[in-house]
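For reference, the structure is listed below as structure tokens.
The structure presented is a predicted model; accordingly, all values stated were derived computationally and were not measured.
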Amino acid sequence: MNRDISLIRNFSIIAHIDHGKSTLADRMLEVTGTIEKRKMKEQVLDSMELERERGITIKMQPVRMEQEYHGQKYILNLIDTPGHIDFSYEVSRALKAVEGSILLVDATQGVQAQTLTTLQMAKDSGLVIIPVLSKIDSPLARVDEVKMEVALLLDINPDSVLTVSGKTGEGVSSLLEKIIEKIPAPKKGEKQEDTGCSLVFDFEYDNHRGVIVYIRVMEGSFKKGDQLIFAVSNERFNSLETGIFSPEEKPVEALNAGEIGYIVTGIKKPGIASVGDTITFFKKPMKALPGYQNPKPVVWASVYPESQDDFPLLKQALARLKLSDSSFSFEEESSGSLGRGFRCGFLGMLHLEIITERLTREFSLDLIVTIPSITYKVLLKGGKEQIIYSPHLFPEDGLIVKVFEPWINLKVITSSEYINPLMPFLYDHEAVIKETNNFGDNRSSIDLEMPLRELMRSFFDDLKSVTSGYSSISYEISDYKEADVVRMDIAVADEIIPAFSRVVSRRKVNEEAKAQVEKLKEVIPRQQFAFKIQARALGRIISSESVSAYRKDVLMHGSKVVGGGDVSRKKKLLEKQKKGKKRLQSNAKINISHDVFLKMIRGGNSK
């Protein structure tokens with residue numbers, strides 16, 4: 001059945017993390033009757049256990065609702081998007097598939113840095129913006145103040161900013177009406193017979209049905225049995241099913257222009273489907289749509305199975321996750337102490353944490369994850385340039401002419417009273433302040449540049465500490481700039497552990513070395529022999545700590561205690577034990593447990 005395209009509204013919700021986006025989506029589903037009240041649960045669109053546990057959206061999720069307005073039944077297609085900056089690529093893809101967006105701002109917190117970033121993305125996509133305040137039922141809500149912040153941001157009348165409560169449902173019906181009134185219907189394409197095109201904005205993999213692509217139909221109509229083709233990968237397939245999300249998958253006869261839904265492809269080969277690709281008809285293909293830019297990883301970490309027997313399972317698990325999250329990459333590597341594993345690229349620290357957590361939960365894998373690092377460009381003596389993804393491969397200081405590292409443009413929004421305490425903190429992180437502006441009532445925004453390396457040095461946690469939690473950040477990757485950094489290795493019992501190698505600022509190498517050695521001494525178990533933990537850089541030992549042996553002197557032969565008599569008998573036995581420990585120490589090889597690696601990696605950026 002062809003649906004009237006003028007009765008379709010496609011939109012997303014953009015917001016800072018924890019501003020009530022998922023709760024508002026729940027109320028919309030309830031008010032429109034998409035889900036019966038008795039079947040409602042919190043965060044209904046967050047299907048992953050991990051999303052529910054953490055209370056954050058990790059993966060975008062489309063849903064179709066129907067709402068009656070002035071006697072007409074309208075189709076409302078919502079694409080729920082993540083709020084954390086690491087998942088901004090998910091947001092950018094969703095925005096390409098819709099005509100409008102709700103800008104949701106928490107009435108208790110006001111405009112945050114990530115709000116500005118996602119708002120700019122929506123503006124760049126030419127979307128109609130509907131400003132909305134959430135959590136107006138909270139006793140901490142500052143409705144009038146935050147309305148003014150949003151009004152100044154969008155250059156609109158404060159009275160045009162809508163207010164809702166996702167908790168009580170207040171204002172949700174009015175918001176749905178405003179979506180129908182303000183967001184334009186999808187544009188009609190040029191009518192062509194027996195053809196069409198649709199944008200792939202996401203996909204998932206099913207063991208039985210293969211790749212299921214999430215599409216926005218731009219032109220034409222797609223139904224079960226159509227002979228289709230991916231424009232970029234040039235892979236041909238027959239449509240096994242077409243359907244919509246309500247919010248579970250629901251088969252429909254056809255997906256028409258302007259609609260959002262899914263197509264089951266039956267393709268089980270990896271690497272065929274990709275976000276941004278165009279699906280069109282095999283016999284009468286249309287020109288490929290512009291699509292998306294491929295995301296570039298900004299954080300790298302090596303992932304190894306705790307048992308090398310699990311290496312094939314880890315490889316399979318990464319390939320499976322890649323099918324549902326195209327924004328991370330991986331390639332095989334090996335380490336002398338850790339065996340075979342994978343070097344993985346992520347969009348940020350939370351992205352890394354989520355992927356490794358999913359590997360552990362969904363595939364029951366015990367993993368060792370190295371300290372995250374970034375990409376460096378190194379100019380060596382002799383004119384050769386190298387791209388370094390892993391700290392333990394960073395060249396020795398004497399071989400280097402210049403090092404270049406990625407910088408970021410960073411925006412911090414905080415209360416004005418914290419500006420002065422922030423300055424030494426930002427200086428410590430090598431930040432260059434570009435501009436400071438007043439932002440709303442007693443709030444300021446700081447625009448600055450700094451090395452990406454410093455963002456990973458516990459920047460966000462320490463920022464929250466300095467500002468008592470009243471701050472938010474957003475950032476984007478900028479250019480490469482010259483860096484004054486060196487490689488620092490950690491040796492345990494004279495054996496360098498590649499997983500603990502780091503690239504650090506030359507001026508902080510002594511501080512970093514001391515911190516890492518002391519941290520490792522705290523968490524590593526003692527052995528039957530004494531050994532040293534050393535931090536090495538610039539061709540010398542920077543910091544060193546000794547770990548004493550267990551004191552377990554045995555004064556007995558078999559079951560007979562060496563008691564009375566000449567003291568020389570005791571000394572003789574202790575000397576024999578001492579020689580045994582010395583012999584053990586000379587052949588020492590310490591197995592560092594998974595738990596020690598985890599404690600070092602989690603606490604490795606604390607200084």
Side-chain angles (χ1 to χ4, degrees), residues 297-304 331-346 349 352 356 367-378 380 386-400 403 405-406 451-454 456-458 483-524 531-545 589-594 596-607:
V298 295
V299 173
W300 298 83
S302 293
V303 179
Y304 296 89
E331 59 185 40
E332 195 173 327
E333 71 169 11
S334 61
S335 160
S337 57
L338 297 173
R340 295 169 74 197
F342 295 89
R343 188 72 180 155
C344 301
F346 307 92
M349 298 294 283
L352 182 158
T356 51
L367 302 173
I368 295 170
V369 184
T370 63
I371 293 170
S373 66
I374 59 173
T375 304
Y376 292 90
K377 293 178 182 177
V378 180
L380 300 171
Q386 281 187 349
I387 306 292
I388 306 296
Y389 296 94
S390 186
H392 76 275
L393 299 175
F394 199 87
E396 295 290 340
D397 196 53
L399 302 174
I400 295 172
V403 180
E405 66 179 343
L452 177 61
R453 158 178 50 85
E454 288 296 310
M456 295 168 57
R457 196 166 64 89
S458 195
D484 191 13
V485 293
V486 296
R487 186 181 90 203
M488 183 181 77
D489 293 319
I490 302 292
V492 179
D494 289 325
E495 182 187 0
I496 289 176
I497 311 297
F500 294 153
S501 294
R502 310 179 73 190
V503 177
V504 299
S505 170
R506 189 185 299 267
R507 71 183 172 96
K508 291 180 183 162
V509 67
N510 291 329
E511 176 190 336
E512 295 275 0
K514 189 171 186 296
Q516 293 307 301
V517 167
E518 287 177 356
K519 179 70 179 177
L520 185 53
K521 186 182 178 182
E522 281 177 25
V523 300
I524 199 166
F531 61 93
K532 285 186 177 179
I533 300 171
Q534 298 171 328
R536 302 174 184 176
L538 302 168
R540 57 191 172 88
I541 296 169
I542 304 290
S543 181
S544 180
E545 290 279 354
K589 182 170 175 64
I590 297 175
N591 287 320
I592 299 177
S593 69
H594 176 62
V596 171
F597 276 106
L598 281 180
K599 286 176 181 175
M600 279 299 289
I601 287 158
R602 285 172 183 163
N605 298 316
S606 60
K607 294 289 180 184

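- Between T370 and H392 there is no side-chain heavy-atom pair separated by less than 4.5 Å.
- Side-chain contact between R453 and S505 is present, with heavy atoms from C-beta onward closer than 4.5 Å.
- By the 4.5 Å heavy-atom criterion applied to side chains, I542 and M488 are not counted as neighbours.
- By the neighbour-count criterion of 12 heavy atoms within 6.0 Å, atom NZ of K508 is densely surrounded, having more than that number from other residues, nucleotides or ligands.
- The shortest distance between side-chain heavy atoms of I388 and T375 does not fall below 4.5 Å.
- For the residue pair Y304 and E333, the shortest heavy atom distance occurs at OH-OE2, 2.8 Å.
- Residues R343 and S302 approach most closely at NH1-OG, 2.9 Å, considering heavy atoms.
- Across V517 and S544, no two heavy atoms sit closer than the pair CG1-C, 4.2 Å.
- Between the CD atom in Q516 and the OG atom in S543 there is a gap of 10.0 Å [rounded to 0.5 Å].
- For the pair L393 and Q386, the minimum side-chain heavy-atom distance is 4.5 Å or more.
- Note: E512 CD to R507 CZ = 10.5 Å, rounded to the nearest 0.5 Å.
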Hey, mind stepping through V504 and V485 against side-chain contact (heavy atoms from CB on, under 4.5 Å) and telling me if it holds? CA-CA 5 Å; V504 299; V485 293; over 6 Å; no
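- Across all non-hydrogen atoms, the minimal contact from V303 to C344 is CG2-SG, 4.0 Å.
- Counting only heavy atoms from C-beta outward, the side chains of L538 and R506 approach each other to under 4.5 Å.
- Here the OH-OH distance, from Y376 to Y389, works out to 14.0 Å after rounding to the nearest 0.5 Å.
- Under the 4.5 Å side-chain criterion, counting only non-hydrogen atoms from C-beta, D494 is in contact with Q534.
- The side-chain heavy atoms of I524 and F531, taken from C-beta on, include a pair separated by under 4.5 Å.
- Here the closest heavy-atom approach between residue S501 and residue D489 is recorded as OG-OD1, 2.7 Å.
- The distance from atom CD of E331 to atom CH2 of W300, rounded to the nearest 0.5 Å, is 6.0 Å.
- A pairwise comparison of heavy atoms in P391 and R487 identifies O-CD, 3.1 Å as the closest pair.
- We find the CD-CZ distance between E332 and R340 to be 4.5 Å, quoted to the nearest 0.5 Å.
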